[in-house]
Every structure is written in structure tokens, then in C-alpha cells.
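One structure is given below, encoded as C-alpha cells.
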Amino acid sequence: MKHKPIVVQVVIDKPLAQGFDYLWDAEKLGNLPEIGHIVEVPFARSKVIGLVIKVSDHSEYEIEKLKTIDRLAPLPPLDPASLRLMNFASQYYVHALGETILPTIPKMWKKAEDWEKAHKKLESAGKQAKKDGNVIAEGLINQDQLNSSQKNALQALLSEGQKRNLFRAILLQGQTGSGKTAVFLNWLASILQDESAQVLLLVPEINLTPQLERRVRAYFPNKKMAVLHSGVSEKKRGVAWYEAMTGKAQIILGTRLAALTPMPNLRAIVVDEEHDPSYKQQDGTRYSARDLAIWRAHDQKTPILLSSATPSLETWMAAQSGRYEYIRLDQRAQGASLPGVHLINTRDPQNQFSPGDADAPKQKSLITKTLARAITKTLKAKKQSLILINRRGYAPVLSCSACSWLSKCTQCSTYTVMHKAGALGRRSVLSCHHCGLIKSIPSFCPDCGNADLKTLGHGTQKLEDAIEEMWPHARVLRVDTDSSRKSKGAEALFQEIHDGNVDIVVGTQMIAKGHDYQNIGLVAVLDADSRLYSADFRAAERLFAQLVQVAGRAGRSGTAGDNGGDIFIETQYPESPVFQYLLRHDVDGFMAFTASEREEAGLPPCSYQALVHAESKSLDKAIRFLTELKVHMKTKGLITKELKVYDPVPKPVMRVAGSERAQLLIESVNRKVLQEALEAVDLELRQDSQGRISKVSRIRWLIERDPIAI
DNA sequence: AGCACGCCGACT
DNA sequence: GTCGGCGTGCTC
Ligand SMILES: [Zn+2]
Ligand SMILES: [Zn+2]
């Protein structure tokens, strides 16, 4: 009589709902199996990496057909809490468990050939880290140096928080410059007095700069910190993940992708700038790192702190209703006053240049007279100006002066943007911002042969030219992804601004992030209207957060006795609520107004949404596919008073890189009802698909939970 | 998803 | 006669 076999179930990185059973040869692998082990398995005609999710002594599958596990990774199994998190994410976002877990494991641990030398790698990395560890820590503000408002906030955090095993969600709301970071870093430091404790600090992609890293390090001089973001090399990422999942690192600082890092001794989570859209993953399993972090804190009974000057409506409402604790930090730490907000009505001729004005530019001005004169004043005061426009390139479209030709992308339903020489290459080009296609600029109109082609509208490049012409003696710098790619990255450009080597900065929203500039006198936003004018119901909420953020840049000038700067917004609709609340610096007023709007319309956070995306060669087929799905949902009785299914519509940018896209919106006031409907939809679609491509008409489909843009 | 198997049209 | 189109089914 033979021993009972050891059978393990393994999930792999494929959109397959089921796991696969394998035999475990304990002698060969040198270990008994545990749930959470990472293994290499033979699958079809190749070898793949998988994760053990079940251990037993029998299989539903014919036992003699089972293959044997090839190799076991030299790692401890993922801890049970992390596996619960993965399981939840897989269900909630309607993706297979394997394709949810495996992408969160760094590549270094998915190369079975390298597993044998893995520990040598870790050793050499350890030596390197000792050298790197000498980076200067800076920006420490210890508990005694906090202002009274900060001290109160910290007190509130600590009073309850020392109790173990207690879920708390806390919103820390305070303006830019109110010192939120110092509060939560001091809080984390006190939690880390427990030697084995681990904490997770999530920050938006763009905020995770070397400066921030140094600043965080300053608070934890004797602790090990692991940094995880997309810019970290594969090897360093593998090491950081290893240190987190083994409990060797106490502070895990990272972006969205760090939210799913296993941490066996997790004691607290901070999500900084919790409203930031970069927390939402936009491909693969489309999770929200913030929402997963909240679930994780709840599941593991640890506190989570959400920090923002302009919270997401979801978080703000939870705090208002008492579901979250609410800590306010409204005293400006550095004694700087709030920036003055100025709305410039572009329809008012008084604000525009007239031909007689001495300072009017030769061509039609790209900015209002009111703004131009404010910039002149700022220059005279030896202060810097930031001018924002969220449009890269020279002009958003090229046109023919004789016929109706416009520069369109051949692969997308969009215009190609003109970039002048130097930005994307040596020559001027037309570039599609959706598919990346780059074409040379035609000398003649392709339709009528006319040689006179004109640009329509303007982007950062053209604005830069115009500004240089209007203030020939000013030092002008352009900051956008094009200019930062050309120089040594955005950091180098930010440093120029910080060092005062620049008078006027022209750029996209990216200028507003990260850095702490000292001498900004003026911030101008030129394209607020185009950001507000959008089919997406969250457009106003996003714009408000962006405007508050850039206003914070102007107000941040910390030199004592100095006034804060000014923010100028050019708009046709100064009476719009977004601007009116901004004018009064009334964040809560805006939130309350938006909340009541959403409630009335039954939109999130007062309801829950999901999108079914469909993509195919022709829009027709995609729409028909979604229509059939809707009909199916109806016949199955899924559409009820509590579950609304809209008609399928083309996506805002319908065609991208040759494929045409449509979407179906599903909405419910009841989370559970929505979840069940989505699971039914997933099952139905899977049945007629291979992976996520339908058998008939070859439609690529995807379910997205809690979409942030509709 | 990725891949092999298999059954029909048009092309050396 | 065979090359290749993609519909179908399988992967422990
Ligand atoms: Zn023409
Ligand atoms: Zn394109």
C-alpha cells in the first residue's frame, strides 16, 4: 500500500477561473507544501509560475494524469492575510485569482532558473543598500516642533490608536502647507516603536521623488525601508518585495503597485493624497489601491489614515457621516497666507487686449490682458510665475486654409498634435497622443494640394514661444513630459525652478506636483474650461482638486511676513460653482454641493457602477455585442429596480490604434446586487469566449468595477 | 491567454 | 494536389 499522494492546487497568470492540480514530491522539493508557496509547474507544453492555493490528498481530476510540481521558490509562503486580500480583489474586480496575484510578484521571483542563486543576489543587494543607505535624511520635524494644530491631530491619532487590533479609518484633511505629512510620519514613527511592526505608506506616482524618500527616511533612522514604484529596477524591486514579505523591512513606501505587497506584520496604512486618480490601475486587474488598502486595514484590524487637502467625495462623505474619524488640520504651518483667487472672464472685452494697448503682442494674444499685466507685475516683484495648460505640443491640430482638411490620426478617431522641432525629435512632427503614431508634417494639403497649412489652438510649446515674445528678457522654462524626456527628467527641471533660475514656467499639471517652491508669486490656469467641459460627471471634482493643488503652490511661499501668491483662472464661466467655491477657499462647501448633486442624480458615491468594455475591428460589432449582453441580462431577470443597465455607447475616444471601442454602464444602489450581476455577466461572457475574446465576432471585452472616468 | 488540431477555399 | 484561413477545444 502506497502513501497517500500530496496534491496541491495551483493558480497561474491566465484568465482562467479554475486552478490546476499537481502532485507534490516532498523529497524532491525539500519541503512540505503550504498555501501561498510560489512554484514552477509544467503547463501545456511549457513551464509557468504559479501559486499554491490548496493542499490535499486527492484530486477531482484523474490522479494518474496529474503532473508534478517542478520547483519551489526559495521564499516563505505568502501570509494568509495577503492571500485574503488577493482573493477579495479577484472577486471584487471580477478577474481570475491567478491573474490578480501573479502580476503583483516582482519578475525576479518569477524566473525559476534564478531561484538557486537568489540568496546570493539578496546578499549583494544588501551590501549595495548599505552604501545607498548613506543618503542624507532631510526634512525631519519631530513631535516637539509641531504646531498646536498638528499636535492636536497627532494626539487624536494616538489616543485611540495604541489599542491593538482595531480597525479605524481616519480622514486627515488640511490645506497644502498645513503639515499633514509631519503629522502622519510622527504617527507612523510611534507605531514603529514596536520592533516587528510594519507600516505601508502609499503616495501618488508623481509624488514619490528622491526628496520624499529622504524625508520619510529621516523619521525612521534605525528602521529598514523598502521603496516600490515603477521606476525602481527589477532587481531592487524584487529585493524590496522580499524584505516586505519576510517582515525584514518596517516601512514600505510605494505607489499604487505597493498596495498589494505582502506584509505579515502590517500595523498601519497611510494613503497620502488619497483622492489622486493614479491610485486606480488602468490595465489588467483594474483595482483602486486606496479601496484595497481600506479593505486590507479592515480585514487585518489595523488603522488606515487617508490624507488630502481635497478628499475624494467618497472619503469626505464617509468622514462627514461619522463612518470615518475626521481630523482637520486647517492652520497653515509656515505662517503663509492663502493665495488670492482671481477669475478672469474671457468673454469680458475689458480683460482682452485691444489694438491700442502698448503692451499688446503683435499676433492675437494667447492670454488675456489682465493676466499679462499680472505677470509683468510678478516679474517686477522678482517672483516666479507658473502658467498651466494641460495640452502638450505646439498645436492640437493642423488645418488647411483652403479646404476642410484637418490632421487626423489614421488609426484613431483623434487629431494628431503638432510638435515643433526639438520636442519629440529633430524635426517638427504630427503626433497622435492616443496611439503614439508619429508622422512628418505634409508640405501640401493631402486633400487639395494647398501649401498654406495653419495650426489651430495652442499647446505648451506655442505658449512658450508667445511668452518669450511678450517678455523677451524673462527666463522661460517649459515643463511637460516632452521637455522632461529631453533633459535629465522632470527632477532637473524642478530643480531649476527651485533654484530661482527661471522667471516664467509654462507647463502641464505636472508642474503642480511634488516640489516645494519658495518664490512663486503667480499661478495661472488657462484651460480650466476644457477640463470642466467633459461628459464625465467627475470632471468638476477633479478640476477642483487640481485648482486647489496649484493654488497651494502659489500660497506656499513661506518667507515670513510675505503674502501668499495669486492664482488666476481664465474662464468663460466664472459663475460656475467650482470657481465660486474656490474663490472662497471653501473645500467643504464644494464637497457638500457636489454631494447633493450626486445624491439627486443617483451617481457615485450614492450608487455603484461598473463598465463592460468591448473592443473590436468595427464599432458596429462592439455595440451589437453589448446590446446582446444587455438583452441577455434582461431575459435572465438581472435588470431590476435596483440594477440599471444603460444602452451601449461608443467610448469618448471611439477608435484607438485601429480598434473601435464601446462601453456598457451598469449601476446599482446596492453593492451586493451589482456584484452578483457582474459575476453573472462574467460567467456568461466567459462561456462564449476564449480568454477575454468572444468566439463570435472576436470582441475583446473587460469588466471594470468603480470606473473613474465614464 | 496560447497553442495545436482540423476542416474548407484558392493557388502553385 | 497543398498552403493557410480561423472556429474549437484543452491546458492539471
Ligand atoms: Zn486643403
Ligand atoms: Zn492614433
Side-chain angles (χ1 to χ4, degrees), chain A residues 2-26 28-29 31-73 77 86 89-90 93-105 107 110-112 281-287 612-618 620-622 624-625 628 657-661 681-704:
Chain A
K2 276 186 87 179
H3 288 296
K4 277 197 168 178
I6 306 175
V7 176
V8 294
Q9 191 166 78
V10 172
V11 290
I12 56 176
D13 189 7
K14 309 228 154 138
L16 303 169
Q18 80 272 187
F20 296 90
D21 287 350
Y22 290 89
L23 293 172
W24 184 282
D25 183 341
K28 177 176 116 188
L29 299 171
N31 270 83
L32 286 171
E34 281 183 69
I35 290 172
H37 267 148
I38 294 168
V39 291
E40 186 194 43
V41 294
F43 185 79
R45 273 148 294 272
S46 61
K47 296 185 184 302
V48 294
I49 303 299
L51 190 104
V52 174
I53 58 157
K54 196 173 136 195
V55 179
S56 75
D57 58 9
H58 65 281
S59 172
E60 307 284 299
Y61 201 71
E62 292 152 83
I63 199 118
E64 60 279 6
K65 285 194 183 169
L66 293 188
K67 293 184 182 172
T68 307
I69 300 271
D70 276 333
R71 282 191 265 201
L72 168 63
M86 303 291 189
S90 150
Y93 294 106
V94 218
H95 273 67
L97 186 55
E99 58 177 346
T100 304
I101 299 178
L102 286 141
T104 70
I105 299 171
K107 292 209 176 66
K110 290 190 284 197
K111 280 202 206 118
Q281 173 101 55
Q282 287 301 352
D283 49 61
T285 302
R286 298 192 168 200
Y287 61 87
V612 183
H613 301 268
E615 194 179 310
S616 109
K617 290 237 165 64
S618 83
D620 234 42
K621 283 184 183 167
R624 215 173 308 143
F625 173 81
E628 275 165 30
S659 63
E660 307 200 338
R661 305 143 1 126
V681 166
D682 185 55
L683 200 69
E684 164 69 16
L685 292 180
R686 256 168 207 290
Q687 259 164 28
D688 304 323
S689 302
Q690 30 191 318
R692 279 199 187 82
I693 296 173
S694 73
K695 287 179 185 166
V696 283
S697 308
R698 309 208 136 263
I699 313 283
R700 178 182 289 277
W701 57 269
L702 183 79
I703 298 174
E704 180 179 23

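Letters go in sequence order (proteins before strands), and every chain restarts at 1.
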Determine the interplanar angle of the A/H37 and A/W24 rings, folded into 0 to 90°, and report it as parallel if under 30°, tilted if 30 to 60°, perpendicular if over 60°. parallel
More than 12 foreign heavy atoms under 6.0 Å from CZ of A/R686: is that the case here? yes
What residues form a side-chain hydrogen bond (donor to acceptor under 3.5 Å, both in side chains) with A/D25, not counting sequence neighbours? none
Sorted by chain and number, sequence neighbours left out, ring-ring contact (aromatic ring centres under 6.0 Å, His included) with A/Y93 holds for none
With the side chain counted from C-beta on, respond yes when A/V8 and A/V39 share a heavy-atom pair under 4.5 Å apart, and no when they do not. no
Tabulate protein N/O versus nucleotide N/O from nucleotides 10-12 of chain C, keeping only pairs under 3.5 Å, one per line.
{"residue": "C/dT11", "atom": "O3'", "partner": "A/A44", "partner atom": "N", "Å": "3.1"}
{"residue": "C/dC12", "atom": "OP1", "partner": "A/P42", "partner atom": "O", "Å": "3.3"}
{"residue": "C/dC12", "atom": "OP1", "partner": "A/A44", "partner atom": "N", "Å": "3.4"}
{"residue": "C/dC12", "atom": "OP2", "partner": "A/K67", "partner atom": "NZ", "Å": "2.2"}
{"residue": "C/dC12", "atom": "O3'", "partner": "A/D21", "partner atom": "O", "Å": "2.7"}
{"residue": "C/dC12", "atom": "O3'", "partner": "A/K67", "partner atom": "N", "Å": "2.8"}
{"residue": "C/dC12", "atom": "O2", "partner": "A/D21", "partner atom": "N", "Å": "2.7"}

Atom-pair distance (CD1 on A/I12; P on B/dG2), nearest Å: 11 Å
